[in-house]
Amino acid sequence: MRDYIWPWQSNVMLKHPWALPILFLILSVILSFVTWSRSKHAPQGQGQEQQQQPHDMQQEQREGNSQESMDTSENEELKTML
Amino acid sequence: MEIISRHQLLTISIIYQIGTTIIFGFAAGAGRDSWLAVLISTFFGTAVVWIYTRITHFNPGLTYIECYPAQFGKVLGTPIAWMHPLLFLYISGRIVADIKNLVPTTILPGTPPWVILLFFMLVISYGLYSGIEVMGKLTEIILPIILLIYLLEVILIFSSGVVHFDNLAPLLDKGWGRIWEVVWPLGIIQSFGESLALALVWTSMNERKSVGRTMIISSLFAGVFISFTDALAVSVFGEEIFKRATYPMYALIQAISVSDFITQLDATGVIYFCFMAFLKTYIYLFATIRSLQKLTYSKSSRIYIFPVVIIALFLGLTMAPNVVEHIAVVQKVIPYNPIYLSLMFVFPILLFVVSWIRNKISTATS
């Protein structure tokens with residue numbers, strides 16, 4: 001039982017190789033609550049940016065590129081008019 | 001935000017991937033065929049690294065850690081994401097333990113290990129505080145020096161008359177079995193699977209499109225470098241001594257003796273071994289700190305430097321009482337550890353497939 005307190009030690013890893021993975025699993029679940037609670041209190045935009053789906057961000061990038069191209073074409077028209 | 005160039009990422013990656021394998025040898029279990037096992041591991045390892053780069057490519061604007069909650073949902077993805085900094089911290093502890101065993105054995109036998117590690121971690125802390133940009137510039141300077149020293153050592157080894165290419169033959173006399181045992185999974189985990197920590201550095205690069213190509217070049221270079229070193233060690237020592245040596249590369253440098261004048265150059269080897277271990281520890285701790293910052297929605301990552309360094313130091317000091325047990329864990333436990341296999345292979349492949357499918361769907365709908 002005492003071994004399970006130090007699962008990263010080499011003698012424990014050789015005798016009980018499952019101790020460290022179980023510790024990782026328990027810690028990751030516990031620490032996940034930290035992430036979930038802090039995401040609610042994160043500054044607006046920070047949490048949303050991190051929770052935003054990546055394909056949404058790609059869509060926004062494409063829209064931003066098309067908007068930029070529209071703006072440049074409008075600028076070119078203005079220049080020719082002047 | 002800290003920015004590194006493509007060249008800086010290349011130098012960081014090369015030194016990182018060569019890392020501590022240059023100290024302990026790579027694929028020693030394959031005996032005289034170890035160089036071939038390394039080349040095969042390089043092939044598969046480069047594919048694994050490519051998968052990591054594609055995951056970040058399919059998820060623009062997100063670090064590797066953030067991809068898991070983004071793609072798998074917060075209930076499943078967040079615990080998986082949290083396993084990464086825990087793994088990085090554990091591996092950094094292992095490297096600290098490597099230094100604890102290597103330096104007192106070789107160049108500083110009278111110095112207490114905790115003193116060596118304390119100064120080692122103080123320098124790493126300063127590097128973490130300074131940022132990845134400083135480390136990029138440092139590796140740009142150090143890598144040519146390391147390669148030059150290595151080249152000089154190779155020339156001196158050949159000049160010492162200790163190289164016997166007969167030791168490399170016959171090739172594959174014991175079949176492919178021992179080669180595949182070494183390649184999967186440890187051969188791919190070491191250097192290549194561990195490149196997972198570098199994924200947290202990629203977001204700092206200014207030319208994001210070049211990440212994939214840079215990582216493939218560094219993986220191939222590191223693999224060829226290690227393969228050549230293994231072949232050299234086998235040609236000098238023969239199969240049996242190479243398999244049993246604790247620090248085969250260190251012993252290789254000790255074998256240099258040119259006219260009984262140029263001898264005892266092992267200290268130079270230990271110095272660049274230490275730098276490689278330093279960089280590898282730095283990257284793991286950087287990845288840990290960056291992961292903690294992202295997972296806790298913190299504004300600054302500096303608040304995590306001190307606790308993370310203390311934990312890594314504690315892990316390194318308490319991990320193994322001697323080098324034999326330390327190496328036994330690498331050979332018997334780590335290749336079959338579910339944490340390593342899942343975080344370095346299973347989850348990245350699943351994430352790659354999910355990211356690719358979603359990317360295809362969003363491209364088709366737009």
Side-chain angles (χ1 to χ4, degrees), chain A residues 1-70, chain B residues 58-63 65-67 69-71 74-75 77-87 89-90 93-94 97 292 294-299 314-315 318-322 324-330 332-334 336-340 342-343 355 358-363 365-366:
Chain A
M1 191 65 195
R2 199 172 155 186
D3 286 346
Y4 293 110
I5 303 173
W6 317 103
W8 62 84
Q9 290 188 341
S10 54
N11 57 336
V12 177
M13 287 197 73
L14 289 166
K15 278 192 291 186
H16 311 287
W18 281 94
L20 190 66
I22 290 172
L23 174 69
F24 273 30
L25 193 61
I26 294 169
L27 281 176
S28 62
V29 171
I30 292 170
L31 291 167
S32 296
F33 286 96
V34 173
T35 303
W36 297 331
S37 65
R38 284 183 73 92
S39 67
K40 293 172 190 171
H41 303 292
Q44 202 167 20
Q46 184 183 0
Q48 290 171 2
E49 186 185 344
Q50 291 189 352
Q51 290 177 12
Q52 195 172 11
Q53 293 297 320
H55 57 268
D56 292 336
M57 293 178 75
Q58 286 183 355
Q59 182 70 21
E60 281 181 17
Q61 281 179 0
R62 283 190 215 102
E63 286 170 359
N65 290 339
S66 63
Q67 183 65 35
E68 280 175 15
S69 64
M70 283 170 65
Chain B
F58 289 142
N59 296 278
L62 298 180
T63 59
I65 292 298
E66 292 167 308
C67 295
Q71 296 292 355
K74 67 176 188 179
V75 174
T78 309
I80 295 174
W82 267 108
M83 282 191 190
H84 288 79
L86 296 175
L87 176 67
L89 200 51
Y90 169 72
R94 290 201 62 82
L292 290 175
K294 293 296 178 186
L295 289 168
T296 56
Y297 297 96
S298 303
K299 286 181 187 172
F314 176 72
L315 289 175
T318 57
M319 191 163 287
N322 53 64
V324 174
E325 258 187 38
H326 188 59
I327 292 173
V329 169
V330 173
K332 295 177 186 172
V333 179
I334 284 175
Y336 313 104
N337 189 299
I339 296 289
Y340 276 79
S342 55
L343 292 185
S355 300
R358 284 191 169 188
N359 188 260
K360 283 285 178 187
I361 292 171
S362 66
T363 310
T365 52
S366 64

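Every chain is numbered from 1 and lettered A, B, ... according to where its sequence line falls, protein lines coming before strand lines.
- The heavy-atom pair separating B/Thr78 from A/Trp36 by the smallest distance is OG1-NE1, 3.2 Å.
- Here the closest heavy-atom approach between residue B/Val329 and residue A/Ser10 is recorded as CG2-CB, 3.5 Å.
- Contacts between A/Leu25 and chain B at a heavy-atom distance below 4.5 Å involve backbone atoms as well as side-chain atoms.
- Contact detail for A/Thr35 and B/Trp82: the closest heavy-atom pair is OG1-NE1, 2.6 Å.
- You'll find the side chain of A/Leu20 reaches within 4.5 Å of the side chain of B/Tyr90, heavy atoms only.
- Taken to the nearest 0.5 Å, the OG atom of A/Ser32 stands 11.0 Å off from the NZ atom of B/Lys74.
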Candidate pair B/Thr296 and A/Val34, rule side chain to side chain contact (heavy atoms under 4.5 Å, CB included), full reasoning: CA-CA 7 Å; B/Thr296 56; A/Val34 173; 4.1 Å; yes
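- With chain A as the partner, the residue from B/Pro321, B/Ala97, B/Ser355, B/Pro79 showing the most heavy-atom pairs under 4.5 Å is B/Pro79.
- B/Ile339 CD1 to A/Ser28 OG: the interatomic distance, rounded to the nearest 0.5 Å, is 7.5 Å.
- Judged by distance alone, with hydrogens and angles left aside, the side-chain atoms of A/Gln9 form no donor-acceptor pair with the main-chain N or O of B/Ala320 at under 3.5 Å.
- The nearest pair of heavy atoms linking A/Met13 to B/Val333 is O-CG2, 3.5 Å.
- The heavy-atom pair separating B/Leu86 from A/Phe24 by the smallest distance is O-CZ, 3.6 Å.
- Contacts between B/Ile361 and chain A at a heavy-atom distance below 4.5 Å are absent for every atom of the residue.
- Closest heavy-atom contact between B/Pro338 and A/Pro21: CG-CG, 3.8 Å.
- The shortest distance between side-chain heavy atoms of B/Tyr336 and A/Pro17 does not fall below 4.5 Å.
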